[in-house]
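For the numbers below, each heavy atom of this structure counts, side chains included, while hydrogens, waters and symmetry mates do not. Within every chain, numbering begins at 1; the chains are lettered A, B, ... in the order of the sequence lines, protein sequences first and strands thereafter.
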There are 2 protein chains.
Amino acid sequence: MTITEVSEKLGIPQDTLRYYERIGLIPRVNRNKNGIRDYTEEDCKWVEFIKCMRSAGLPIEILIEYVALFQQGDETIEARKELFIEQRKQLITRIEDMKKTLERLDYKIAVYEQAIVKKEKELRRPEH
Amino acid sequence: MTITEVSEKLGIPQDTLRYYERIGLIPRVNRNKNGIRDYTEEDCKWVEFIKCMRSAGLPIEILIEYVALFQQGDETIEARKELFIEQRKQLITRIEDMKKTLERLDYKIAVYEQAIVKKEKELRRPEH
DNA sequence: ACTTGACTTGGAGTTAACTCCAGGCTTTAT
DNA sequence: ATAAAGCCTGGAGTTAACTCCAAGTCAAGT
């Protein structure tokens, strides 16, 4: 697969794909004889995985660390597990925070709704 | 309340409090005769509200817009409600994304756990 | 042979959201 | 009266995460 195809398939700009590879956020992609990237299915899965993790706010720094550990082989399985456990913990906290904010937004919206309804009632009874 | 007290109470740096005020993310705080900020209970509530919204990822730009609408009075109630509805929508999407990522992390952790258990078993039966 | 278009690299520029700092003004303690 | 502490302002600096760009290569079409 060419970079254009991967970019379109996953909705990630080409510059971002190159950037991710450059900083080690995904393993190095093979080039053809002309030095042009040729993404394997495996490469695509990496990109998609990183996209998912990034969308949930996992920092690039941590993900780079994960990729580095992965590339060191089986010796680092324990370390990778620990890394994910820590990130899961933080993710749960963030989700909880966001749920609280969501409730607060819901409440605000309800209050404004009330205010609007009240205003309309007053308009419909202009004698008071 | 002094800025130091608010900063400590809400765990927000003084520079950030001043920055928020400067850019209109919270309404202007009154000063005493020497030009020193004197936060009311109301001011604190604003700061705390903004802190909550920011922690859920609502962009500063949007929140500035909200504060501006708020300061224009009752005419903007409808607009403020719409603003919140839009932000709620986006927040729900983000939470859903994060939940998916969480599941994926859980799965990865489980897989690594399996791998570790398997490795340990092999160690305990070195004859095979 | 020449142009076009997709791709390459290394490096500079951008954006959001802070964070830090210099220079200056009061009040309070010594 | 002098030093220290706390606050002020405007503006510069920082960080994360891209995003853009210039200059160059190569293959395919005219």
Side-chain angles (χ1 to χ4, degrees), chain A residues 1-26 28-40 43-44 46-68 87 90-91 94 97 101, chain B residues 1-26 28-40 43-44 46-68 87 90-91 94 97 101:
Chain A
M1 269 184 132
T2 69
I3 196 167
T4 304
E5 285 162 354
V6 176
S7 169
E8 270 163 26
K9 183 176 170 190
L10 300 178
I12 300 175
Q14 298 193 12
D15 270 320
T16 305
L17 288 171
R18 292 197 199 94
Y19 164 71
Y20 279 179
E21 185 179 347
R22 190 155 46 169
I23 64 173
L25 191 47
I26 57 168
R28 208 160 167 71
V29 175
N30 275 334
R31 318 293 154 116
N32 67 17
K33 59 197 178 306
N34 297 319
I36 289 175
R37 286 175 182 78
D38 183 19
Y39 288 80
T40 63
D43 291 329
C44 278
W46 266 106
V47 174
E48 196 276 321
F49 171 71
I50 292 297
K51 184 193 176 182
C52 175
M53 294 298 134
R54 288 288 305 126
S55 82
L58 272 75
I60 280 186
E61 203 187 347
I62 299 293
L63 295 169
I64 289 174
E65 198 185 326
Y66 170 69
V67 175
Q87 293 308 309
Q90 292 186 23
L91 186 50
R94 281 206 299 281
D97 273 13
T101 304
Chain B
M1 270 184 129
T2 70
I3 197 168
T4 304
E5 284 162 353
V6 176
S7 170
E8 271 163 25
K9 182 176 169 189
L10 300 177
I12 300 175
Q14 298 193 12
D15 270 321
T16 304
L17 289 172
R18 286 193 277 261
Y19 165 69
Y20 280 179
E21 186 179 345
R22 192 156 42 170
I23 64 173
L25 191 47
I26 56 168
R28 208 159 167 72
V29 175
N30 275 333
R31 319 292 155 115
N32 67 18
K33 60 198 175 306
N34 297 318
I36 289 176
R37 286 174 183 79
D38 184 18
Y39 289 81
T40 63
D43 292 327
C44 279
W46 267 106
V47 174
E48 195 275 323
F49 171 71
I50 292 297
K51 185 190 175 182
C52 176
M53 295 299 134
R54 287 291 304 127
S55 82
L58 274 74
I60 279 186
E61 204 186 346
I62 299 293
L63 295 169
I64 288 174
E65 198 185 324
Y66 169 69
V67 174
Q87 293 309 308
Q90 293 187 22
L91 186 50
R94 281 206 299 280
D97 273 13
T101 305

K.L.:
Mind checking side-chain contact (heavy atoms from CB on, under 4.5 Å) for A/Arg18 and listing every partner two or more places apart, or none if nothing turns up?
P.N.:
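A/Arg18: side-chain contact (heavy atoms from CB on, under 4.5 Å) contacts with A/Ile3, A/Gln14, A/Asp15, A/Arg37.
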K.L.:
Phosphate oxygens OP1/OP2 of D/dT19: is one of them under 4.0 Å from a side-chain N or O of A/Thr16?
P.N.:
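Answer is yes, contact under 4.0 Å.
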K.L.:
Round to the nearest Å and state the distance from B/Ile12 atom CD1 to C/dC20 atom P.
P.N.:
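Computing the B/Ile12:CD1 to C/dC20:P distance gives 15 Å.
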K.L.:
Report yes if some heavy atom in the side chain of A/Tyr20 is under 4.5 Å from a heavy atom in the side chain of A/Val67; otherwise report no.
P.N.:
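Sidechains of A/Val67 and A/Tyr20: no contact.
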K.L.:
What is the distance, rounded to the nearest whole Å, between atom CD of A/Glu8 and atom C1' of C/dA6?
P.N.:
12 Å
K.L.:
Between P on C/dG10 and CD on A/Glu21, what's the gap in Å once rounded to a whole number?
P.N.:
11 Å
K.L.:
May I ask you to say what A/Asn34 touches in the nucleic acid, namely base, sugar-phosphate or nothing, with a heavy-atom cut-off under 4.0 Å?
P.N.:
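The answer is sugar-phosphate, as A/Asn34 gets under 4.0 Å only of primed atoms, P, OP1 or OP2.
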K.L.:
For D/dT9, take OP1 and OP2 only and decide whether either is under 4.0 Å from a side-chain N or O of B/Arg18.
P.N.:
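No, B/Arg18 has no side-chain N/O under 4.0 Å of OP1/OP2 on D/dT9.
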K.L.:
Do B/Gln87 and B/Pro59 have side chains that approach each other closer than 4.5 Å (heavy atoms only, starting at C-beta)?
P.N.:
yes
K.L.:
Can you check whether A/Met1's main-chain N or O pairs, donor with acceptor, with A/Asp38's side chain at less than 3.5 Å?
P.N.:
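Yes, the answer is positive, given that a donor and an acceptor are paired below the 3.5 Å cut-off.
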K.L.:
Over how many whole Å does the gap from B/Asp15 atom CG to C/dC21 atom P extend?
P.N.:
10 Å
K.L.:
Taking the side chain as every heavy atom from C-beta outward, state whether A/Leu17 and A/Tyr39 have any pair of such atoms under 4.5 Å apart.
P.N.:
yes
K.L.:
Give a yes/no on whether any side-chain N or O of B/Arg54 is located under 4.0 angstrom from OP1 or OP2 of C/dC18.
P.N.:
yes
K.L.:
So which of residues 55-66 of chain B are in contact with DNA chain D, with a heavy-atom cut-off of under 4.0 Å?
P.N.:
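Output list: empty, so none.
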K.L.:
Donor-acceptor pair, distance only, cut-off 3.5 Å: does the side chain of B/Asp43 make one with the backbone of B/Thr40?
P.N.:
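Yes: the side chain of B/Asp43 pairs with the backbone of B/Thr40.
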K.L.:
OP1 or OP2 of D/dC18 less than 4.0 angstrom from a side-chain nitrogen or oxygen of A/Tyr20, does that happen here?
P.N.:
yes
K.L.:
Roughly, in whole Å, what's the span from CD1 in B/Ile3 to C1' in D/dG6?
P.N.:
11 Å
K.L.:
Within the structure shown, what part of the strands sits under 4.0 Å from B/Ile23 by heavy-atom distance: base, sugar-phosphate, or nothing?
P.N.:
nothing
K.L.:
Is there side-chain contact between A/Ile36 and A/Thr2, with heavy atoms separated by less than 4.5 Å?
P.N.:
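They are not in contact (no side-chain heavy atoms under 4.5 Å apart), so the answer is no.
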K.L.:
Send over the distance from B/Leu17 CG to D/dC8 C1', rounded to a whole Å.
P.N.:
14 Å
K.L.:
Round to a whole Å and report the spacing from CD of A/Gln14 to P of D/dC21.
P.N.:
15 Å
K.L.:
Among the candidates D/dC18, D/dC7, D/dT9, find the nucleotide nearest to the side-chain atoms of B/Arg31.
P.N.:
D/dT9
K.L.:
Quick check: on DNA chain C, is the nucleotide nearest A/Arg22 upstream (toward 5') of the one nearest A/Glu5, or the reverse? Name the residue that is more 5'.
P.N.:
A/Glu5
K.L.:
Does B/Arg37 put a side-chain nitrogen or oxygen below 4.0 Å from OP1 or OP2 of D/dC8?
P.N.:
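B/Arg37 to D/dC8 OP1/OP2: side-chain N or O found under 4.0 Å.
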K.L.:
Tell me the interatomic distance from B/Tyr19, atom OH, to C/dC21, atom P, rounded to whole angstroms.
P.N.:
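After rounding, the reported distance stands at 18 Å.
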K.L.:
Any sub-3.5 Å donor-acceptor pair from B/Lys51's side-chain atoms to B/Ile12's backbone N or O?
P.N.:
no
K.L.:
Would you tell me if any nitrogen or oxygen in the side chain of A/Thr2 comes within less than 4.0 Å of OP1 or OP2 on C/dA6?
P.N.:
no
